[in-house]
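Everything on this sheet refers to the single structure shown next.
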Number of protein chains: 2
Amino acid sequence: MALPSIKCQSCSINQLCLPVMLAESEVEHLDSIIQRKKPLTKNEMLFRSGEEFHAIYAVRSGCIKSYTISETGEEQITGFHLAGEIIGLDAISSGKHPSMAKALETSMVCTIPYPKLEMLSGEIPGLRQQLVRVMSREIHDDQELMLLLNKKSADERLAAFLLNLSSRFGKRGLSRTCFNLVMTRGDIANYLGLAVETVSRLFTKLQQNDLIAIKDKEVTITDISKLSVLAGGKCHH
Amino acid sequence: MALPSIKCQSCSINQLCLPVMLAESEVEHLDSIIQRKKPLTKNEMLFRSGEEFHAIYAVRSGCIKSYTISETGEEQITGFHLAGEIIGLDAISSGKHPSMAKALETSMVCTIPYPKLEMLSGEIPGLRQQLVRVMSREIHDDQELMLLLNKKSADERLAAFLLNLSSRFGKRGLSRTCFNLVMTRGDIANYLGLAVETVSRLFTKLQQNDLIAIKDKEVTITDISKLSVLAGGKCHH
DNA sequence: CGTGTCTTTGACAAAAGTCAAAGCTCGTGG
DNA sequence: CCACGAGCTTTGACTTTTGTCAAAGACACG
């Protein structure tokens, strides 16, 4: 590995990632099992469904989309993962990846060999706890998403999606009000269970109502409170 | 506890639950931290959202529904849990229950105090592994559900729902083709993101097409292969 | 044996999907 | 460095699915 190997200890997002609450020496130990390869380029696959499960992955930078393909060939995007987020947790139970992951832009990813992580988590209680917390959080987030998809209208879904991104960028020290949409309208539509055309129309409408402004792929949230109200569900009664 | 305390060791569903792959002595250890209270009666709450998280729960018998309530008061059922399934995993990350759980019929539940489980999982690698497997499986199942809700028509959702129940009853040694629907049409509709009326009409249609037969709350799957085709997505092209 | 909840059915409305077509971007190769 | 083409985005017109409203019937439980 002839790359400028950033260590967990000095990683800017280690408080969003696995090292949370670990002692210095424990982080070092964790760092020692992690592999860092060269960045994924746009559209490069991280793993494919059906592949054997060897490792989970932590996003260091960029954005990775994960998705499943149904028997009938329909693609369903299950998440857009930003720095600090862990990918591949759905593969632990069966030992094979049920989903696929692909870079939406040039992205750095840390490979965490699972058998080693498993062993290490036997020695480091804090690591075990953090892994479980991360998984618990994913379960929780998926449940919230279910509510969104089942109970909200198209406008509400898109508004909630933008606010979710906003908050996640904010946590990473980036602007909450102005950020880049790395995914296509098609990706957003797929994720939210809508048609591309619907998403496009909604973006237009949100702009006309001065809730957001869009320049190319850059979104600016100009009225976050109105957007929040919209996302909350405007009580159609 | 003056109840006929069934132990994990002799529990009929221990191979669907936490004890998977554990040695006899390990199961005993696990059993010793588990509390068994008197059965929950129909509609009794197991926990409410906002409550502090103390334990996860394993269903021993019956059926528990878990659900969230949005800020705007909409209920979203996130799962119907049968014997051997674990509830409350979404609460680990925040320390508070984000969701609620209620018995749909008289149900027995094992309470597994989380701090003790956490400690024990430090000593028993197999237990730690099984806990992670269970969580991984839940993440995976939630992703499949997302695909169902986002990409499938109403018929396909209901067909898939019935097949999912069928398979889960089968795994528990019960009939795959004839079982009781403990949840109401309203519950099914809520879970699948449909209106009650739609679900009712679909049940009627499935009966007319001789895919299922319904007598009161008892469903009989009369043509499982046709039902599978329907659930798969009949390729509208 | 009645009262409230659950279920079914019908008629209608609305949200979102589909189809079609044009304009736009961006990367690539000449 | 420019031109071309593939893929992405937008917009319009129309369709379809599913939701909503309303009401009656069936159960289930006290």
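By convention in this document, chain letters (A, B, ...) are assigned in the order of the sequence lines, proteins followed by strands, and residues within each chain are numbered from 1.
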Q: Rounded off to whole Å, could you give me the CG-to-C1' distance for the A:Leu192 and C:dA15 pair?
A: 16 Å
Q: Answer yes or no: is there an ion pair linking A:Lys151 with A:Glu156, defined by an N-O contact shorter than 4.0 Å?
A: no
**Q.** Five-pair end axes of the helix from C:dC1-D:dG30 to C:dG30-D:dC1, angle between them (10°)
**A.** 50°
**Q.** Rounded distance (nearest 0.5 Å) linking atom CZ of A:Phe53 with atom CG of A:Leu89
**A.** 7.5 Å
Q: Please answer whether the main-chain N or O of B:Ser136 pairs with a side-chain N or O of A:Ser93 as donor and acceptor at a distance below 3.5 Å.
A: no
Q.
Please encode protein proximity along nucleotides 16-30 of chain D as a string of B, S and -, counting only heavy-atom distances under 4.0 Å.
A. --SSBBB--------
Q.
Can you measure A:Asn43 atom CG to D:dC8 atom C1' for me and round it to whole angstrom units?
A. 13 Å
Q: Report, as yes or no, whether the 6.0 Å neighbourhood of atom CZ on B:Arg60 holds more than 12 heavy atoms from other residues, nucleotides or ligands.
A: yes
**Q.** Short N-O contact, B:Lys38 and B:Glu44, less than 4.0 angstrom
**A.** no
Q: Rounded off to whole Å, could you give me the CG-to-C1' distance for the A:Leu181 and D:dT9 pair?
A: 13 Å
Q. Quick one: do A:Glu85 and A:Arg172 make a salt bridge, cutoff under 4.0 Å?
A. yes
Q. Just how far, in rounded Å, is P of D:dT9 from CD of A:Glu218?
A. 16 Å
Q. A:Asn164 and A:Ser166: side-chain donor and acceptor closer than 3.5 Å?
A. no
Q: Mind calculating the distance between NZ (B:Lys205) and C1' (C:dT9) to the nearest angstrom?
A: 15 Å
Q | Rounded distance (Å) that lies between atom P of C:dC24 and atom CD1 of A:Ile214 | A | 16 Å
Q: Could you check if a side-chain atom of B:Thr111 sits within less than 4.5 angstrom of a side-chain atom of B:Lys37, using non-hydrogen atoms only?
A: yes
Q) The side chain of A:Thr184 lies closest to which of these nucleotides: D:dT10, D:dT9, C:dT7? A) D:dT9
(Q) Nearest whole Å is fine: how far is C:dC24 P from A:Arg185 CZ? (A) 15 Å
Q: Can you see which heavy atom on B:Ile188 is nearest to which on B:Phe80, and at what distance?
A: N-CZ, 4.5 Å
